[in-house]
Amino acid sequence: MPETILAEPEHSAGDEREQRIEKLKALRAAGIDPYPARFGVRQTVEESLQAFAAVESAAGNGSTEGQVSAPNVRTAGRLMSLRVMGKASFAHLADSTGRVQLYLRQDEVGQESYDRFLKLIDIGDIVGVEGSMFRTRTGEVTVRVSEMTLLTKALRPLPEKWHGLTDVEARYRQRYLDLLTNERARNTFVLRTRVISAVRRFLDERGFLEVETPVLQPIYGGAAARPFVTFHNEMNANLYLRISDELYLKRLVIGGLDRVYEIGHDFRNEGVSTRHHPEFTMLEVYQAYADYHDMMRLTEEMYFSVAQQVLGTAHVTFSGQEIDLTPPWRRVTMRDAILEATGIDILLANDLPSLLDAIRQHGLELEVKHNWGKQVEELFDATVQSDLVQPTFVLNHPVEISPLAKRHADQPSLVERFEFFIAGQESGNAFSELNDPIDQRSRFENQGQHRSDGDEEAHPMDEDWIRALEHGMPPTGGLGVGIDRMMMVLTDTPSIREVILFPALRSKVAE
RNA sequence: GGGCCGCUAGCUCAAUGGUAGAGCAAAUGACUCUUAAUCAUUAGGUUACAGGUUCGAGUCCUGUGCGGCUCACCA
C-alpha cells in the first residue's frame, strides 16, 4: 500500500482551510447539510442562457430591461467569483456548459439567507440557484436569485482568478484546478474527446469493427520497445503490459473479422519527453485484402475527415508552421528521402560496412548500429525526419527493423511499410502485413540475433503467433496512429503532457 | 541518463549579501446593477529540503528532491 500522500501537508493550506471548516460547522449548526445528496431537476447554464435568449428574441430587439417576461430557471455550478456591494451581490456560476452571472439582493432572498450567503459561502463552493433571468444595465444576462442552495462546501480556495493556475507541475498534478481555471486546458481535452469520437465515426462508417484485446500479455510484441513487466499471482507468471495491439488484432483478421480497430493504451518502458509518454493512446487498424497503399489513403482521409469534423478546417498551425492536411499527402521512399538529404543511396550502400563508409565520406557523425537496417533508420532520423513538416508518407523500410511487414516485391532488403510524419514528428506506422509463416519465423529468428547483439528492443519469438499465421491470414493492411501525437498537431501543442489529462509524474512523498 | 533553467503566503509574482513585500483569495467594516467592482483595516512565511561560506544568506557554494526545456532512445 502506498504510504505517500500526494497532497501537500495539512498545515500548508493555512488559515483559509481552517476558516472554511469553521464555516462548515456553522452551516451544520444552522441545520444546513453542506453536502446534500441531490439538487433535483435543473437546467444547465447553457440552457438557462438559451431560455432567456429565446424569450428576448420573441419580445423583439427593442425591449429594454424589465420589459421582457423573465423565464425562471433552476441551475447549478461552482461559484467562480464574487462581488459584494452591501445588500446586493454579483457572482459568477460555472458548470461544464458555461458560466452565468448571479444577482442576489437581500430584499429578495431574505436577510437570513443573504447573511448566510455572505458569511458562510465562499468562492469555489458548488451551489444550486433558482431565479428569473434578466439583463443587467451593462448587458450581461444574469440570474436574479430567489433561492440559493449549498450543494458542496469547498475547503480549499480556487487558484488566482485572473492568472489561473500557471505552475506547470501543479497544473499536471492537480489537473482539476487547471480545468477549472484555464479555458485552454478545458478546450484541449474537450477537443480530444471529439477527435476520438470522429476517428471512431470515420472507421465505423467504413465497416470497421471496434474490438478490445489484452493489455496484459504473456508475450509482448508488435513494435520495437522495452515493455513494463508485471506479475500475476494466481498464474504465478510474469505478464507484460502491451507495447502494441498488433498481433492480437491480426489474430482477429485470421478469425474472419476483416476490418477491425482498437483504440487503447500501449505502454513502453522508456524515457519521458515532450513527445513521448510511457503510457499513450494508440489507434490500430487492420483491413483484410488491403495493402499499405490502401492504408495511406485511409490515413490521409482519416486525418482530413477528423480535422474537418472537429476543427472545421484541414489547415492547422503547429509552432508557427502552416500545415495542410488535405489529401493526397506527399509520398517519398525512404531511399529517395535519404538520397535527397545526404546524397547517400542506401540501395547502393546496401550492407553495413559500405553504408558506414558512405556516412563517413559524407562527413556525418552518427551512432554506429548493429545492422544495415538500424543504420538506415539512424541516418533517416538524423537527416530527414525533422524537415518533414507537411504530412509525408515515407515508404519502404529496411527489413531488419520491420519484422512484421511483408517483403517488398522488387527489393527483398526492404518491406512494404510506411511511417508518416507531420510537423517533423512521426505520427504513425503501417505496412502490408507479413502473412508468410515461414518468413515470419525466420524474421523472429533474426530478431533473436539482434537481441544477442545487444538490441533490447528486438522482437521476441512468438510461437503462438506463428501457429496462428499458419492457419492463413489474408493479405492485410495494418496501421498504427499515435492519438496523442494527432492531438498535438490538431491543437498546436508542443508537449505531449498537455494533451494527456494526468501525465506521468514522480510521486511527491510527504514527510 | 547528460546539459541548462526553476522552486518565496492558498494562487500570481517582487525583493544590490543587510528588517521577506505586493496583487488576488481570506478575515473585519462601508456600499442594493457589479463584472480583474471600489474603499478602509487585519491576518497570513522553516523562502523545496539538508549542509557550507559569511558578522549577516531568499540571494553565494555543495548535495538531495520535484518540475520545465533540451540532447540521447522510442511512436
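All of these numbers come straight from a predicted model, not from anything done at the bench. Proteins come first, then strands; the chains are lettered A, B, ... in the order of their sequence lines, and each starts at number 1.
Taking atom CD1 on A:I121 and atom C1' on B:rA25, their separation rounds to 16 Å, with Å as the unit. Residue A:R17 contributes atom CZ, which lies 19 Å from atom P of B:rG44 at whole-angstrom precision. In this structure, NZ of A:K23 is placed 11 Å from C1' of B:rA25, rounded to the nearest angstrom. Atom CG of A:L180 and atom C1' of B:rC11 are 13 Å apart (whole Å). Atom CZ of A:R83 is separated from atom C1' of B:rA36 by 9 Å (rounded to the nearest Å). Atom CD in A:E169 sits about 11 Å away from atom P in B:rC11, given to the nearest Å. To the nearest angstrom, P of B:rA72 lies 11 Å from NZ of A:K369. Between the C1' atom of B:rG45 and the CD atom of A:E16 lies a distance of 16 Å, rounded to the nearest Å.
Within 4.0 Å of A:A91, counting heavy atoms only, lies no atom of the nucleic acid at all. If you check every strand for non-hydrogen atoms under 4.0 Å, A:V84 touches a base. Residue contacts shown for A:G164 are limited to sugar-phosphate atoms, with no base heavy atom under 4.0 Å away. At a threshold of 4.0 angstrom between heavy atoms, the contacts of A:D167 are confined to the sugar-phosphate backbone, with no base atom among them. Among the heavy atoms of the strands lying under 4.0 Å from A:E140 is at least one base atom, whether or not backbone atoms are also near. Within the 4.0 angstrom heavy-atom criterion, only backbone atoms of the sugar-phosphate kind lie near A:L505; the bases stay farther away. Among the atoms of the strands shown, only primed sugar atoms or phosphate atoms (P, OP1, OP2) are found under 4.0 Å from some heavy atom of A:Y172. Residue-level contact check: A:E367 touches the backbone only, with heavy atoms under 4.0 Å from sugar-phosphate atoms and none from bases.
Among the candidates A:I196, A:V481, A:L479, A:D245, the single residue satisfying the side-chain contact (heavy atoms from CB on, under 4.5 Å) test with A:L283 is A:V481. Each of A:D266, A:T213, A:N429 was evaluated against A:E284; a single residue qualifies, A:D266, per the side-chain contact (heavy atoms from CB on, under 4.5 Å) test.
Taking only side-chain nitrogens and oxygens, A:K119 comes nearer than 4.0 Å to OP1 or OP2 of B:rG29. Listed pair A:T166 / B:rU12 meets the phosphate criterion, a side-chain N or O lying under 4.0 Å from OP1 or OP2. The shortest distance between the side-chain N/O atoms of A:R171 and the OP1/OP2 oxygens of B:rU12 is not below 4.0 Å. A:T274 has no side-chain polar atom (N or O) that falls below the 4.0 Å cut-off from OP1 or OP2 of B:rG68. Remark: A:R156 is not in phosphate contact with B:rC11, judged by side-chain N or O atoms under 4.0 Å from OP1 or OP2. For A:S495, a side-chain nitrogen or oxygen approaches OP1 or OP2 of B:rC69 to under 4.0 Å.
Looking at A:R156 and A:E16, no side-chain N of the basic residue comes within less than 4.0 Å of a carboxylate O on the acidic one, giving no salt bridge.
With a cut-off of 3.5 Å on both pairing distances, B:rG17 has no Watson-Crick or G-U wobble partner at all. When both distances must be under 3.5 Å, the Watson-Crick or G-U wobble mate of B:rA26 is B:rU42. Both distances falling under 3.5 Å, in either a Watson-Crick or a G-U wobble arrangement, place B:rG67 opposite B:rC5.
The side chain of A:R506 has B:rC66 as its nearest neighbour among B:rC66, B:rU32, B:rG68. Nearest nucleotide to the A:Q19 side chain, out of B:rG68, B:rA26, B:rU34: B:rA26. Listed nucleotides: B:rU12, B:rU32, B:rG10. Nearest to the side chain of A:P157: B:rG10. Taking the side chain of A:Q101 as heavy atoms from C-beta on, and the options B:rC33, B:rG44, B:rU34, the nearest nucleotide is B:rU34.
Note that A:R144 lies outside the cation-pi zone of A:Y103, set by a 6.0 Å cut-off to the ring centre and a 45° limit from the axis.
To the nearest 0.5 Å, the span separating CD1 on A:I219 from NE2 on A:H459 amounts to 9.5 Å.
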